[in-house]
**Q** 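Right, I'll just put the structure down here and ask away after.
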Amino acid sequence: MPAIVGAVKVNSVGNSSVFNIGDVFQISPTSTAKTFAGAGSFNTGDGLRVYNNQSVTNTYDTDNIDNVIVGNA
């Protein structure tokens, strides 16, 4: 069944991003990223109270294969 799409406004499209309108079978990424953050790092809002007495972020990663994108079209 075809998709019916109304008005679309695109403010920005970043590097290695995908912008699709309508039907799609498969969308594959062309880049990946890994983010390390401690407890309470991505909290947003007003009046937050985050209690991290002993927070440790483990960034030791021995394998180099986490997000394989080889073979994606």
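Everything numeric in this text was worked out from a predicted model, so none of it was measured.
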**Q** Under the side chain to side chain contact (heavy atoms under 4.5 Å, CB included) rule, collect the residues that match up with Val50, sequence neighbours excluded.
**A** Asn43, Asn52

**Q** Asn20: what forms a side chain to side chain contact (heavy atoms under 4.5 Å, CB included) with it, not counting sequence neighbours?
**A** Val24, Ile27

**Q** Of all residues at least two apart in sequence or in a different chain, which pass the side chain to side chain contact (heavy atoms under 4.5 Å, CB included) check with Thr57?
**A** Phe36, Thr59

**Q** Quick one: side chain to side chain contact (heavy atoms under 4.5 Å, CB included) partners of Tyr51, sequence neighbours excluded?
**A** Arg49

